[in-house]
Each structure stands twice: as C-alpha cells, then as structure tokens.
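Structure record follows, encoded as structure tokens.
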Amino acid sequence: TPATSCFYIIQSGKIRCFHETEVPGNAPRMLGPGDFIGVVACMSSHSQTESVIALTNVVAIKVNRDQYPELIMKNTPVAMKIVRSFAQEMRVLNDNLTKITLKNTVTETPDQLYPIALYYEDSGWSEIAAYCYYQYLKECPNGKHVEHAKKRFVLLRKRTNPPYLEPKGETMRSYKKNTMIFSECQSGSDMFIVQSGSVKIVKVVDGSEVMLALLKKGDIFGEMALLDNRPRSACAVAHDDCTLMVINRTNFDQMVSTQPQLVARLTSMFAERLWSMYRQLANTELRNPREKMVDMLALQVEKSRQQPVKGVPFETDFTVTDIINLCGIPSNEVRTAAWQLESDQNVKVKNGKIVVPDVEELIKQAAFYRKQNSKHANE
C-alpha cells in the first residue's frame with residue numbers, strides 16, 4: 001500500500017511482519033516492545049515493504065516524519081537503533097542479492113583483494129589494480145601472494161597514481177573517472193555522500209565486473225562498513241569525475257547528537273536503499289528476461305524521483321548494458337536480452353542512453369509483470 005507520513009514504535013504486545021509476495025531470503029519476523037515498524041516506507045516516501053498484523057493487543061507510539069529530528073535530539077539511542085538496524089538489514093539483503101543475482105557465495109576475507117587486483121590488471125585498469133595490490137599488502141602482510149603483489153604494485157605505481165592510498169582524514173575527496181574509492185573485502189569505516197559526478201558499485205564475479213548500482217549526487221554508500229564494522233561488500237569506482245563528502249565514525253557520532261536534520265536525511269537515504277533492495281529482490285523472482293529488464297528500468301526511474309511530464313520522453317542515464325548488468329543476465333543471453341529490451345514499446349535508445357516515452361505506462365507495465373508473476377507463483 002502507499003506510504004504514510006508516520007511510523008510506529010511498539011510499546012507493548014507482539015506483531016508479525018511478512019511479505020505478501022515472497023522476497024527471497026526473507027522470512028516473517030516477530031517483533032515486540034522497543035521495535036519499530038513502517039520506517040522504510042515513511043522515511044523513503046515509497047510504498048510499504050511488508051504487511052504487519054497484531055498477534056496480541058498492541059500499544060504503539062506514532063511518530064510523524066516531521067517529528068523525527070525531534071526524536072533524534074530527545075532520544076538518540078532510539079534513532080541509532082533505527083540506523084543500525086537499517087545497516088544490518090541492508091547487509092542481509094545485499095548478501096541475498098549477491099547470492100541470487102550473481103549466483104555467487106559471499107566472501108569477505110582480505111585474501112580476495114589479490115584476485116580482484118589480478119582481474120583489474122588483466123582488464124587494463126592499471127590504476128585500480130595498483131590500489132587493490134596495495135590494499136592486499138596492507139591487510140595480508142603474510143599472505144601467500146605477497147611477493148608477487150609487491151612486484152606488481154611497484155611496477156604499476158611507476159606509471160599510475162591511485163588516489164587516497166592512505167587517507168589523511170579528509171572530509172571532502174575528489175576522484176577522477178575510473179579510479180577506485182574502495183574495494184570489496186577491504187576494511188574501512190568511512191561512509192560517503194556523492195556531492196558531484198557519479199559512482200558505480202560493482203563486484204568482480206567469475207572473471208567479470210558486474211554493476212550493482214549507479215549512484216548520483218545526494219546518494220550515500222559505504223554505510224554498512226561504518227555501522228557494522230565488517231569488510232566492504234562491493235567495490236566503489238568513480239564512474240565520472242566526482243567529489244565525495246566523507247563521514248567517519250567520529251564525525252558520524254557527533255552528527256547524531258548535533259545535527260538532527262542531517263541524520264534525518266541519512267535515515268531517509270537508508271530507507272530509500274532498503275526499499276530499492278526489496279524491489280531488486282522481488283525482481284529476481286521474474287523469470288522472463290524482458291519482464292525482468294522492464295521492471296529493473298522502472299525501478300531506476302522510480303528511484304530518480306524526477307517528475308515526468310506527460311507526453312515528454314524521460315531521458316535516463318542508463319545504457320541497455322547497464323540494465324542487463326543490474327539484472328544479472330548471463331553472458332550467453334546478453335545479445336538476445338539487448339534486442340528484447342530495445343524492442344519494447346516503452347523503451348527507446350538515444351545517443352546510447354535509454355529514453356522512456358511514457359513513464360507512467362512503464363511503471364504500470366512493470367507492476368503488471370510483478371503481479372502476474374506473484375499470481376503464477378501462488379497457483
């Protein structure tokens with residue numbers, strides 16, 4: 001159902017949260033006093049991600065969206081519980097997406113930095129490879145590939161200049177196109193907000209780079225490592241020249257207590273990410289490649305939050321290849337998938353980028369595909 005402008009904190013009683021349409025890897029949850037419901041939809045202004053029913057008599061505190069900054073100031077622990085639960089939930093959803101979309105088991109050991117470096121060097125991305133070799137040497141000083149990694153790093157370092165190998169606490173950083181911000185499996189405690197340009201989130205899987213997301217101005221990334229102190233789950237690479245705001249653990253804790261409006265904005269961003277992840281997981285249930293790609297394109301358009309004008313084509317920043325990669329289409333099906341997407345009545349391609357003639361019709365089409373898939377799954 002549509003989002004509301006409020007969420008609830010349970011004061012007493014027990015509730016059950018579940019998905020009407022199956023979301024892979026997500027079982028029903030039982031919640032009680034101190035837990036909260038409806039935050040994702042409320043703070044992202046998107047539709048509800050799950051249904052909630054009372055198992056007993058329940059008393060809940062209603063919190064309006066515009067009261068959230070006041071809640072942060074008066075009850076910081078509650079706000080931090082929400083933020084940290086978002087981070088934990090995103091980690092679980094991200095792992096599920098990786099396993100389902102990429103047919104890949106999640107590994108987060110620093111040893112994985114070495115094969116990632118090899119992949120980028122073999123692909124001709126010397127600057128990114130140098131960055132990954134350096135991180136491997138830093139995190140695995142006794143690793144079995146240390147000697148080779150040293151030789152490759154010294155050689156590559158002579159002709160490349162990977163930025164911020166050793167950050168010095170900068171609050172703003174600038175990256176050139178195709179330079180690495182951080183690598184998957186690397187430790188880190190910084191979160192980033194895109195100030196200008198764009199950043200792609202990718203994973204190296206079975207000898208190829210798969211794009212998971214394309215982030216623009218105002219988007220955040222790296223939050224899971226900041227909040228749960230685990231290795232990075234994906235790589236972040238500058239898609240264009242970009243400027244990033246850096247938030248570390250120290251200034252994040254300070255922000256929570258002194259800048260409630262900014263924390264409210266971050267919570268909204270977390271909620272947006274969670275909503276998007278739930279939609280992506282639902283997308284994995286679509287078996288028809290064309291339906292899957294149309295739904296993924298609709299998701300990207302919805303995420304942009306730009307208000308389309310009736311009768312005016314909507315120009316996206318995505319290529320056909322971007323959508324194919326986001327759907328995890330197997331390499332042997334890419335050519336056919338590209339033809340299917342380009343042939344769809346709600347998709348046009350102009351100067352290499354996808355243009356949507358009628359956004360409203362595209363979103364209706366995607367919703368119909370999801371509904372039909374859910375109906376068939378329940379038959």
Side-chain angles (χ1 to χ4, degrees), residues 107-217 219 221-222 225-226 231-248 317 319 321-322 325 352:
T107 55
E108 296 179 341
T109 63
D111 294 310
Q112 293 299 311
L113 287 163
Y114 179 74
I116 293 170
L118 289 177
Y119 163 77
Y120 280 111
E121 184 175 9
D122 291 342
S123 301
W125 301 102
S126 299
E127 196 159 52
I128 293 180
Y131 179 94
C132 292
Y133 280 128
Y134 181 85
Q135 298 303 325
Y136 171 74
L137 292 169
K138 180 179 177 181
E139 302 209 18
C140 302
N142 299 313
K144 62 180 180 179
H145 302 292
V146 164
E147 292 306 317
H148 182 260
K150 284 181 180 177
K151 292 177 182 178
R152 301 312 303 166
F153 173 72
V154 171
L155 181 65
L156 294 174
R157 190 70 173 85
K158 291 178 180 178
R159 63 176 189 267
T160 64
N161 185 31
Y164 305 105
L165 286 177
E166 289 293 343
K168 299 178 181 178
E170 302 92 346
T171 56
M172 298 293 291
R173 296 186 198 170
S174 296
Y175 290 86
K176 294 292 185 182
K177 181 179 179 178
N178 293 327
T179 55
M180 180 162 275
I181 300 161
F182 57 71
S183 172
E184 60 182 294
C185 303
Q186 174 187 345
S187 62
S189 59
D190 293 331
M191 178 173 71
F192 301 87
I193 303 179
V194 182
Q195 302 297 296
S196 65
S198 61
V199 173
K200 62 179 180 178
I201 305 299
V202 301
K203 284 186 76 72
V204 176
V205 181
D206 297 330
S208 62
E209 182 187 82
V210 179
M211 186 169 73
L212 304 178
L214 184 62
L215 308 179
K216 300 298 182 66
K217 182 178 179 179
D219 286 334
F221 62 98
L226 169 70
R232 304 288 189 184
S233 60
C235 300
V237 178
H239 190 253
D240 294 302
D241 291 357
C242 62
T243 302
L244 310 176
M245 177 187 291
V246 185
I247 300 174
N248 58 35
D317 291 322
T319 66
T321 301
D322 289 338
N325 286 342

[Y] side chain reached by [X] side chain, heavy atoms, under 4.5 Å:
X: Ser183; Y: Cys235; result: yes
X: Lys216; Y: Val194; result: no
X: Gln135; Y: Phe182; result: no
X: Glu121; Y: Arg152; result: yes
X: His239; Y: Leu214; result: yes
X: Tyr175; Y: Asp241; result: no
X: Ile201; Y: Leu215; result: yes
X: Glu127; Y: Tyr131; result: no

Looking only at heavy atoms, what is the nearest atom pair of [X] and [Y], with distance?
X: Cys140; Y: Val146; answer: O-CG2, 3.2 Å
X: Tyr134; Y: Glu166; answer: OH-OE2, 2.7 Å
X: Ala236; Y: Phe221; answer: CB-CE1, 3.7 Å
X: Ala117; Y: Cys132; answer: CB-CB, 3.5 Å

Between [X] and [Y] (side chain of the first, backbone of the second, donor and acceptor by atom type, cut-off under 3.5 Å), is there such a pair?
X: Lys203; Y: Ser233; answer: yes
X: Glu170; Y: Lys168; answer: yes
X: Gln186; Y: Pro110; answer: no

Q: Mind checking side-chain contact (heavy atoms from CB on, under 4.5 Å) for Ala149 and listing every partner two or more places apart, or none if nothing turns up?
A: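 If we apply the side-chain contact (heavy atoms from CB on, under 4.5 Å) test to Ala149, skipping adjacent residues, the hits are Tyr114, Tyr133, Tyr136, Leu137.
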Q: Before giving the answer on side chain to side chain contact (heavy atoms under 4.5 Å, CB included), spell out for Ile116 and Leu118 the whole-Å C-alpha distance, their side-chain angles and the decisive distance to 0.1 Å.
A: CA-CA 5 Å; Ile116 293 170; Leu118 289 177; over 6 Å; no
Q. Side chain to side chain contact (heavy atoms under 4.5 Å, CB included) between Val199 and Leu244: does it pass, once the steps are laid out?
A. CA-CA 10 Å; Val199 173; Leu244 310 176; 4.0 Å; yes
Q) To the nearest 0.5 Å, what is the distance between OG (Ser198) and CG (Asp219)? A)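 So the OG of Ser198 and the CG of Asp219 are separated by 10.0 Å.
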Q) Is the shortest distance from a Lys or Arg side-chain nitrogen in Arg232 or Glu184 to a carboxylate oxygen in the other one below 4.0 Å? A)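 Here Arg232 does not pair with Glu184 in a salt bridge, since their nearest N and O are not under 4.0 Å apart.
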Q. Should the pair Asp190-Arg173 be classified as a salt bridge under the 4.0 Å nitrogen-to-oxygen rule?
A.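 Yes.
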Q) Per the side chain to side chain contact (heavy atoms under 4.5 Å, CB included) rule, which among Lys150, Lys144, His145 passes with Glu147? A)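 Answer to the side chain to side chain contact (heavy atoms under 4.5 Å, CB included) test with Glu147 among Lys150, Lys144, His145: Lys150.
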Q. Stepwise, does the side chain to side chain contact (heavy atoms under 4.5 Å, CB included) test hold for Met172 with Gln195?
A. CA-CA 9 Å; Met172 298 293 291; Gln195 302 297 296; 3.6 Å; yes
Would you give me the side-chain donor-acceptor pairs under 3.5 Å for residues 155-162, sequence neighbours excluded?
residue	atom	partner	partner atom	Å
Arg157	NH1	Thr160	O	3.2
Thr160	OG1	Leu156	O	2.7

Q) Would you say the side-chain atoms of Asn248 and Ser189 include a donor-acceptor pair closer than 3.5 Å? A)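 Their side chains do not contain a donor-acceptor pair, so the 3.5 Å distance test is not met.
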**Q.** Test side chain to side chain contact (heavy atoms under 4.5 Å, CB included) applied to Val204 and Tyr120, step by step
**A.** CA-CA 9 Å; Val204 176; Tyr120 280 111; 3.8 Å; yes
